[in-house]
Enquirer: 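Just dropping this structure here.
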Amino acid sequence: MPAEASQQLQQQQQQQLLPQQPPLEQPQQQRMMSSSASNWESLRKHARQLEHEIDSQLVSYAKIASSTSASSSSMNGMHGSSSSSYYGVDSLAAAQTAEHELEDLLKQLTASINAMTVCIENSGTAHPSAASMSHLLQRHRANLFEYNREFQKTKSSIISKREHVELLSSIRNDVGSFRSGAGGSSQEYYLTERGRMESAHNMVDEILQQAMDSRDDLEKQKSSLFGTRGRLSTVMGRFPQLANVLGRINTRRTRDSWILGTVIGVCMCIIMWYAIG
């Protein structure tokens with residue numbers, strides 16, 4: 001009996017010790033959840049602040065693009081202007097500054113969204129706000145995609161307008177330099193054009209001469225063919241049997257052609273029948 005009583009006392013002591021272990025982990029889980037929640041809030045506030053800054057920068061960047069478009073349309077009616085009048089030092093510096101700031105802000109927003117993703121993965125699905133956190137993260141990703149698309153669209157528009165104006169400026173400069181160089185020597189210009197026209201006429205004459213030579217060659221070949229045909233007719237008139245032999249050869253050739261065509265047709269029909277069957 002004393003041995004059984006001692007065993008029961010030991011079992012009761014073990015049962016009392018076992019429930020005391022799990023409560024030690026609950027404060028740690030609560031601290032982890034609270035720390036992840038605070039980290040999430042800070043990251044979310046930072047992401048919203050970055051989105052507001054990106055919105056304002058995109059508006060400024062779009063204004064720069066519209067100003068460059070207006071300058072491009074005004075430059076189309078000007079003569080002798082260079083690309084520096086279109087892209088001055090201030091406008092070029094403003095466009096580059098806005099572009100660099102937007103790229104930096106987009107990189108920061110991407111890093112913040114990645115950190116938010118890691119925070120959600122660490123908190124797990126047991127977090128009470130896991131669904132709302134995932135929804136907010138998806139919204140931030142959609143906003144980032146729209147910002148990148150709008151930035152690339154405006155950037156490509158500015159680059160295309162810049163290249164267009166630089167091309168027009170180079171063409172106008174070439175025309176102006178040509179006019180300034182040829183203004184005092186109009187006679188030399190007309191002489192040059194006359195030489196070009198004469199060279200073109202000479203080229204046309206050479207082509208016509210080549211065509212006439214080709215026509216003469218064809219006429220010679222035609223006359224030789226007619227002479228050969230006349231000689232063959234003379235030979236066939238002298239030897240009637242030769243005409244009969246040639247007729248038989250032509251007949252046999254025609255018959256062989258018909259036979260070969262018939263065989264080929266039958267073979268094709270058989271092949272198609274096997275292919276369909």
Enquirer: Do Leu144 and Thr110 have side chains that approach each other closer than 4.5 Å (heavy atoms only, starting at C-beta)?
Expert: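 Heavy-atom side-chain distance check passes, below 4.5 Å.
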Enquirer: Using a 4.5 Å cut-off on heavy atoms from C-beta on, say whether the side chain of Gln209 contacts that of Glu206.
Expert: no
Enquirer: Sequence neighbours left out, what passes salt bridge (charged side-chain N to carboxylate O under 4.0 Å, His left out) with Glu103? Give chain and number order.
Expert: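 In terms of salt bridge (charged side-chain N to carboxylate O under 4.0 Å, His left out), with neighbours along the sequence ignored, Glu103 is linked to Lys155.
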Enquirer: Take Arg139 and Leu136 through the test side-chain contact (heavy atoms from CB on, under 4.5 Å) and record every step on the way to the result.
Expert: CA-CA 5 Å; Arg139 285 181 57 189; Leu136 290 173; 4.1 Å; yes
Enquirer: So, for Trp40 and Met133, which heavy atoms are closest and what is the spacing to 0.1 Å?
Expert: CH2-O, 3.3 Å
Enquirer: Would you mind reporting whether Gln49 and Lys45 have side-chain heavy atoms less than 4.5 Å apart?
Expert: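 Answer no - side chains too far apart.
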Enquirer: Where do Arg48 and Glu51 land on the salt bridge (charged side-chain N to carboxylate O under 4.0 Å, His left out) test, with the steps shown first?
Expert: CA-CA 5 Å; Arg48 291 181 65 184; Glu51 287 178 354; over 6 Å; no
Enquirer: Can you find a pair of side-chain heavy atoms, one from Leu105 and one from Leu109, that are under 4.5 Å apart?
Expert: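 No. Closest side-chain heavy atoms not under 4.5 Å.
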Enquirer: Work out which heavy atom in Cys119 is nearest to a heavy atom in Leu43; give both atom names and the distance.
Expert: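 In this case the closest contact between Cys119 and Leu43 is CB-CD1, 4.5 Å.
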Enquirer: Could you go through the side-chain contact (heavy atoms from CB on, under 4.5 Å) check for Val204 and Leu208 one step at a time?
Expert: CA-CA 6 Å; Val204 171; Leu208 291 174; 4.2 Å; yes
Enquirer: Taking it one step at a time, do Ile158 and Tyr61 satisfy side-chain contact (heavy atoms from CB on, under 4.5 Å)?
Expert: CA-CA 10 Å; Ile158 291 175; Tyr61 200 50; 3.8 Å; yes
Enquirer: Between Gln108 and His46, is any side-chain donor less than 3.5 angstrom from a side-chain acceptor?
Expert: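 Looking only at side-chain atoms, His46 and Gln108 do not form any donor-acceptor pair under 3.5 Å.
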Enquirer: Could I get the full list of salt bridge (charged side-chain N to carboxylate O under 4.0 Å, His left out) partners for Arg194, not counting sequence neighbours?
Expert: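 Partners of Arg194 by the salt bridge (charged side-chain N to carboxylate O under 4.0 Å, His left out) criterion, ordered by chain and then number, come out as Glu198.
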Enquirer: To check you understand the geometry: which heavy-atom pair defines the closest contact between Met116 and Arg44, and what is its length?
Expert: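 Looking at all heavy atoms of both residues, the shortest contact is CE-CA, 4.4 Å.
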